[in-house]
Every structure is written in C-alpha cells, then in structure tokens.
Amino acid sequence: MEATHKLIAHVLIPVQDSFILIKRTTVKRGKKNVFPSFWDIPGGLVERGETPREAAVRECREEIGLQINIRDIIFEDSEIDKQKKLVFTRLVYMAKPLKKDMLNKISLDLEEHSDINLFHSFDTWENSEKLVPYVIKILRKNMLKTYN
C-alpha cells in the first residue's frame, strides 16, 4: 500500500500539578469532527515548510491563544488508515507558557474546541468525560513528573 504521510504536532502544558485539556467540538468547519466531544491537548497537522516544533507552537497559539516555549519531545506514535491510504505520525512536546500570567488570557478557537479544563488525576476526572486515547497514554506517563 502506497500511503500519504501526515505529521501531527501536539503540546502537553503543565500548570502546577495539572495539565491543560481542551474539548473537541462535534462539528469542525462544517464536517463531523474526529473524536467529537472528547478531551484533547492542543495540536494539529504540520503544514508545508514548517517543522513539527513550529507547528506545535502555531497550533497552541491558534487553538488556545497561548504563547509557549517547547521543551522535550515526550511521545511519538503512528497510525495507519488503510481505507484512506494515510499514515499519521504524532509527536507530542512538553511545553511551558512564555509568561505565567498568560494562563489568564487563554481564548479557545470555538470552531475546534468547546471547553477548556485542567486535568489533575484519573481519580478526579469524571468517567463521562472522554479522553482521546493517545492523551490517556501521555497523561499516565507524565502525571508523576514535575515540569514547572
């Protein structure tokens, strides 16, 4: 199978002992959204002529209005969609806001996300609130680390 490769860049942003999550809309730009009403982290497709780090910074700015510094890469995975002949590779970076007071100025792109919340732990997260599967893996891996 000859497939097209799509590169996706995301950021995990710690806030004290929590992480920023954003809730995906059910419809995105007139089309049914992937994982509608699931909680995710900021990110999206890497555009032509852009590095994954640049895409992660841009997507964070577009989706929640937050300027960030990229730290280490913390997660990588790939999925194959044989039906669409696509390979998706996801890179997730740890990020930090440029200024602490910027967290008070977060603004959602309501075309893509309907809510924002802080994830503290799996024990306190509502069972009815679904997390995108890769986000569960990332949160489990990073909940015990200190990044602030």
Side-chain angles (χ1 to χ4, degrees), residues 1-15 18-98 102-103 105-145 147:
M1 170 188 89
E2 188 165 326
T4 300
H5 200 106
K6 299 282 185 175
L7 188 56
I8 306 166
H10 287 272
V11 293
L12 184 64
I13 305 166
V15 178
S18 305
F19 295 100
I20 294 175
L21 294 183
I22 49 181
K23 194 171 197 176
R24 299 172 71 87
T25 55
T26 54
V27 176
K28 177 179 170 182
R29 294 182 184 86
K31 297 180 182 176
K32 185 179 177 188
N33 205 350
V34 178
F35 291 109
S37 299
F38 278 60
W39 290 89
D40 201 353
I41 55 177
L45 286 172
V46 177
E47 295 178 355
R48 186 181 188 120
E50 184 177 54
T51 68
R53 285 176 177 263
E54 291 168 338
V57 169
R58 175 186 51 76
E59 287 286 347
C60 188
R61 186 179 61 251
E62 289 175 0
E63 291 183 355
I64 63 173
L66 192 60
Q67 297 287 338
I68 56 169
N69 279 326
I70 295 288
R71 291 186 174 183
D72 301 327
I73 189 165
I74 59 167
F75 184 81
E76 177 270 324
D77 73 348
S78 294
E79 295 178 22
I80 298 171
D81 185 332
K82 290 181 181 178
Q83 192 174 26
K84 293 181 180 178
K85 296 184 178 178
L86 290 173
V87 176
F88 293 95
T89 296
R90 177 180 297 108
L91 302 174
V92 180
Y93 299 93
M94 187 60 68
K96 183 177 182 180
L98 286 177
M102 290 183 79
L103 293 173
K105 299 173 185 167
I106 289 177
S107 60
L108 284 177
D109 175 356
L110 297 176
E111 198 53 41
E112 292 189 37
H113 300 95
S114 61
D115 200 2
I116 189 163
N117 205 341
L118 292 177
F119 181 90
H120 301 285
S121 76
F122 287 98
D123 295 335
T124 59
W125 194 253
E126 296 286 328
N127 288 334
S128 62
E129 298 290 345
K130 299 175 186 169
L131 297 166
V132 176
Y134 81 92
V135 172
I136 295 169
K137 293 177 191 175
I138 293 166
L139 291 171
R140 285 195 199 285
K141 179 180 174 185
N142 289 280
M143 285 307 296
L144 299 176
K145 298 178 182 178
Y147 289 100

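Heads up: numbering here begins at 1 and tracks the sequence.
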Under 3.5 Å: donor-acceptor pair, side chain of E76, backbone of T89: no
Tested for side chain to side chain contact (heavy atoms under 4.5 Å, CB included) against I20, the lone hit among I41, I106, L12 is I106
State the [atom1]-[atom2] distance between [X] and [Y], to the nearest 0.5 angstrom.
X	Y	atom1	atom2	answer
L108	E63	CG	CD	9.0 Å
R48	E50	CZ	CD	12.5 Å
R140	N142	CZ	CG	12.5 Å
L139	K137	CG	NZ	12.5 Å
R53	L91	CZ	CG	10.0 Å

Start with the C-alpha gap between V46 and I8, add the side-chain angles, then the distance that decides, and say whether side chain to side chain contact (heavy atoms under 4.5 Å, CB included) holds. CA-CA 6 Å; V46 177; I8 306 166; over 6 Å; no
What I'd like to find out is whether the side chain of [X] reaches to under 4.5 Å of the side chain of [Y], using heavy atoms alone.
X	Y	result
I22	D109	no
T25	L110	no
C60	I13	yes
P14	M94	yes

Which residue pairs pass the ring-ring contact (aromatic ring centres under 6.0 Å, His included) test with at least one member in residues 70-97, sequence neighbours excluded? none
Tell me, with the steps shown, if V92 and V11 meet side chain to side chain contact (heavy atoms under 4.5 Å, CB included). CA-CA 5 Å; V92 180; V11 293; over 6 Å; no
Pairing residues for F119 by the ring pair (Phe, Tyr, Trp, His ring centres under 6.0 Å) criterion, not counting sequence neighbours: F122, W125
Which residues share a side-chain contact (heavy atoms from CB on, under 4.5 Å) with S107, sequence neighbours left out: none
Taking only residues two or more places apart in sequence or in another chain, which ones pass side-chain contact (heavy atoms from CB on, under 4.5 Å) with V132? R24, F35, F38, D40, Y134, V135
According to the side-chain hydrogen bond (donor to acceptor under 3.5 Å, both in side chains) rule, which pairs have a member within residues 112-121, sequence neighbours left out? S18-H120, R29-E112, S121-T124
Which heavy atom in [X] sits nearest to a heavy atom in [Y], and how many Å separate them?
X	Y	result
I74	K141	O-NZ, 2.7 Å
A9	A55	CB-CB, 4.2 Å
A56	I68	O-CD1, 4.2 Å

If the condition is salt bridge (Lys or Arg N to Asp or Glu O under 4.0 Å), which residues does E111 pass it with, not counting sequence neighbours? none
Apply salt bridge (Lys or Arg N to Asp or Glu O under 4.0 Å) to E79 and list each qualifying residue two or more places apart in sequence or on a separate chain. R90
Look at R58 together with E62 and state whether they make a salt bridge at an N to O cut-off of under 4.0 Å. yes
